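Naming convention: chains lettered A, B, ... in sequence-line order (proteins, then strands); numbering from 1 in each chain. Not measured: the values here are computed from a predicted model. All values below were derived from every heavy atom in this structure, side-chain atoms included, with hydrogens, water molecules and symmetry-related copies excluded.
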Amino acid sequence: MSVLPVSFYTRKDVTQIARQLLGKKLVTNLAGKRSGGIIVETEAYSFRERGCHAFGNKMTNRNKTMFETGGVGYVYLCYGIHQMFNVVTNKQGAADAVLVRALEPVEGEVWMLTRMKTTSMKRITSGPGKLTKALGIDRTFDGKYLSSAQLWIEEGVKVVKNQIIACARIGIDYAGDDARLPWRFSIQDNPWLSK
DNA sequence: TAGAGGATTGAT
DNA sequence: TCAATCCTCTAC
């Protein structure tokens, strides 16, 4: 298995990257506890549309990581409870990112169960807040390279084009017309998708 | 410096 | 349908 090169992330078309991340494998290795899963659902965000934290190139203390060169993680707290994991894309100063919304567990399931305090694998990573908890990702990973020793993305399984579904993103009604952009991508009929 | 609200989730 | 929960941003 090979880790994705930085050149994968620094391309301009964030929606293309969001599509191509489907089937890739997100892995963490924390204190020797290695766990990971195949990415089955993503959402693209760009500074050019209202759904994005960095809309209009507005940089704040929270979203400054999005302005980094592609290939680092952007992790933030939502609703005071959930950590959200994003992949920063595009070149430095162009704040695009891809939110990872769901994984299919393929490695270290026992660590995920421990972190989730459950004994059932059912829907254990089917949502952006849950997959970060299952993999042990928190805000200390904000700004970290996706080829570091604790967190990386590598080649996974091949996903053919007609397996990919594109539809509107979730939970951003405030974004007006931009909320209807078909920038949410998922693998058709995968049992691990978020609801 | 106070107040409002959020790229969610799980229980009711 | 609603509460949990706390950081971030905006307005004063």
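Side chain of A:I81, nearest nucleotide from B:dA7, C:dT5, C:dC6: C:dT5. When the nucleotides B:dT8, C:dC7, B:dT9 are ranked by their closest atom to the side chain of A:K130, B:dT9 comes out on top.
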For a quick test of your reading: what N or O donor-acceptor pairs under 3.5 Å do the side chains of residues 66-77 of chain A make, sequence neighbours left out?
unit_1: A:Y74; atom_1: OH; unit_2: A:H53; atom_2: ND1; d: 2.9

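Applying the 5.5 angstrom centroid cut-off and the 30 degree plane-angle cut-off, the aromatic ring of A:Y45 is stacked upon the base of B:dA7.
For residues 111-123 of chain A, the set of pairs meeting the side chain to side chain donor-acceptor pair (under 3.5 Å) definition, not counting sequence neighbours, comprises A:S35-A:R115. Each side chain to side chain donor-acceptor pair (under 3.5 Å) pair with one or both residues in residues 84-99 of chain A, not counting sequence neighbours, appears once here: A:S46-A:D96, A:N90-A:D96. For residues 184-195 of chain A, every residue pair satisfying the salt bridge (Lys or Arg N to Asp or Glu O under 4.0 Å) rule, not counting sequence neighbours, is listed here: A:E41-A:R184.
The salt bridge (Lys or Arg N to Asp or Glu O under 4.0 Å) search around A:R62 returns none, not counting sequence neighbours. Remark: A:R50 engages A:F55, A:A175, A:D178 in a side chain to side chain contact (heavy atoms under 4.5 Å, CB included) (not counting sequence neighbours). Residues passing the side chain to side chain contact (heavy atoms under 4.5 Å, CB included) test with A:Q188 are A:I165, sequence neighbours excluded.
More than 12 heavy atoms of other residues, nucleotides or ligands sit less than 6.0 Å from atom NZ of A:K144.
Contacts of residues 86-125 of chain A with DNA chain C (heavy atom under 4.0 Å): none. Listed in residue order, the members of residues 62-76 of chain A having a heavy atom less than 4.0 Å from DNA chain B are A:Y76. Taken residue by residue, residues 170-194 of chain A places no heavy atom nearer than 4.0 Å to DNA chain C.
For the pair A:R11 and A:F8, the distance from NZ or CZ to the six-membered ring centre is under 6.0 Å and the angle to the ring normal is within 45 degrees.
Heavy-atom nearest nucleotides on DNA chain C were determined for A:R139 and for A:H82, and the one closer to the 5' end corresponds to A:H82.
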Once pairs are restricted to Watson-Crick or G-U wobble with both distances under 3.5 Å, how does DNA chain B read as a dot-bracket string, [ ] for crossings and | for other-strand pairs?
||||||.||||.
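Note on A:R50: nothing from the nucleic acid sits closer than 4.0 angstrom, heavy atoms only.
When every heavy atom of A:A179 is checked against every heavy atom of A:I172, the shortest pair comes out as CB-O, 3.3 Å.
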Contact list (N/O, under 3.5 angstrom) for nucleotides 10-12 of chain C vs protein:
unit_1: C:dT10; atom_1: OP1; unit_2: A:K58; atom_2: NZ; d: 3.0

